[in-house]
There are 2 protein chains.
Amino acid sequence: MTANPAPPLRADARRNRERLLAGAATLISARGADVPMEEIAQHAGVGVGTLYRRFPDRHSLIRELAADMFRRGIAIAEADPGGLTGWDALVRLVRFCGEPELGALASALRPWLAEHRDADAELRDLTMTWLDRFERTVRRAQDEGAMRADIDGADLLNFISLVSCRMPELSAEASRDATARYLEIVLDGLRV
Amino acid sequence: MTANPAPPLRADARRNRERLLAGAATLISARGADVPMEEIAQHAGVGVGTLYRRFPDRHSLIRELAADMFRRGIAIAEADPGGLTGWDALVRLVRFCGEPELGALASALRPWLAEHRDADAELRDLTMTWLDRFERTVRRAQDEGAMRADIDGADLLNFISLVSCRMPELSAEASRDATARYLEIVLDGLRV
DNA sequence: GATAAACGGACGATCTTCTTCCACTTGTAT
DNA sequence: ATACAAGTGGAAGAAGATCGTCCGTTTATC
């Protein structure tokens, strides 16, 4: 099992795959992990057949979405620009969580993850790594005495995920703006 | 149309009606406005027939739930214990919003309300009255200079509703606790 | 004890979504 | 330019879920 032959995708197929993932993320953020496969295909401008050829079932599509999301979060947490105080690093991280591609998607995937995470080793690992990176940042800020100590990383992540959820009755931009504003208030509330 | 004959319900029927409403509120808070009617009936310990006899369709059931919810919120906002500063009145009101019967239900009904509110005059009125009472309290706190001025009542209500949503992966008590804790942080963030 | 109200839950109808399949199209290597 | 393997769209059959009705039985009330 050292190397899968993995025939490279044709150019158009790769393009469609990207479109499917991006479109699915948007759609799922707004409507939950159970949007019809047909809509996901339509939204990406392809037929359902194409969707099913690339992802054999809904599970494998969402799995991919979730994994990407965690990887992005971890990458951001690890890409410390340097010279930041713990508090500033936390602020930076929380603001990134306000981005729809992270926060809104994470919110929408919550129920799905709660149900499927445990059955998938890689996903479990990614979850734990992401949580660890987040907690590390929180602890730094707390150790400095800059952040209130009565809430831990997991709890804060949970909190943020509630606030970051996509509000479908608002436009995409309005929803994103609202989330950003609310997160600033949360940050104010976290300051000692 | 001055008076509807409205034959009074038999005692057992009235009891079942209450159970249905209470159970539906709990179930819908956790799973959204589209839980199967059958489950709602089961949860209340009655058959679907009974549910449908009392509420001819899902719409009329949810309508009732929503109206009750607004009435409770309005009653609380209007029951000022007196002698409170604007800020303290706001804190009191926000904490009430953390109660599952208000906040979690409001969160769950959001999508439904967004779609059906406009077609129902009474519901529209209740929404506006509730919003008005809430905004009034917010403005009092802001006029005192106790609360940040860059967020208005409607926006804060929206914010609170995100935070108050039932977290189904947690037990009812844990979810309620978490909401309460998060709201305290929000309140801290709202303080000037 | 009579009677009207209320009850439960099986059932047929309807609607939704999944997933497969195959005739047709397109990228790519020669 | 050509051939062919890879890719595509979308119709259609299968599977399931949910709705709301109906009626024989139970129960509150007088």
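Below, read A as the first sequence line, B as the second, and so on, with proteins coming before strands; counting in each chain starts at 1. Because only heavy atoms are used, hydrogens play no part in the values below, and waters and symmetry mates are left out as well, while side chains stay in.
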Under 4.0 Å, heavy atoms only, any strand: does [X] hit a base, just the sugar-phosphate, or nothing?
| X | result |
| --- | --- |
| Arg17(A) | nothing |
| Arg14(A) | nothing |
| Asn16(A) | sugar-phosphate |

d([atom1], [X]; [atom2], [N]) in whole Å:
| X | N | atom1 | atom2 | result |
| --- | --- | --- | --- | --- |
| Leu51(A) | dG10(D) | CG | P | 14 Å |
| Glu38(A) | dT20(C) | CD | P | 15 Å |
| Leu20(A) | dG9(D) | CG | C1' | 13 Å |
| Gln42(A) | dT16(C) | CD | C1' | 15 Å |
| Leu27(B) | dT18(D) | CG | P | 12 Å |
| Arg15(A) | dG27(C) | CZ | P | 7 Å |
| Asp12(B) | dA28(D) | CG | P | 6 Å |
| Arg10(B) | dC30(D) | CZ | P | 11 Å |

Val46(B) backbone acceptor or donor facing Thr50(B) side chain under 3.5 Å: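 Flag not set: sc Thr50(B) to bb Val46(B) has no pair under 3.5 Å.
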Given [options], the nucleotide with the shortest approach to the side chain of [X]:
| X | options | answer |
| --- | --- | --- |
| Tyr52(B) | dC19(D), dG9(C), dA6(C) | dC19(D) |
| Thr50(A) | dC18(C), dT27(D), dG9(D) | dG9(D) |
| Val48(B) | dG7(D), dA6(C), dT21(D) | dT21(D) |

Plane angle bin for Phe159(B) and Tyr182(A) - parallel if under 30°, tilted between 30 and 60°, otherwise perpendicular: parallel
Test item: side-chain donor near acceptor, Ser161(B) and Asn158(B), under 3.5 Å: no
Between Asp132(B) and Thr129(B): side-chain donor-acceptor atoms closer than 3.5 Å: no
Whichever of Ala11(B) and Arg53(B) has its nearest DNA chain D nucleotide further upstream toward 5': Arg53(B)
Salt-bridge contact Asp120(A)-Arg124(A) (side-chain N to carboxylate O under 4.0 Å): no
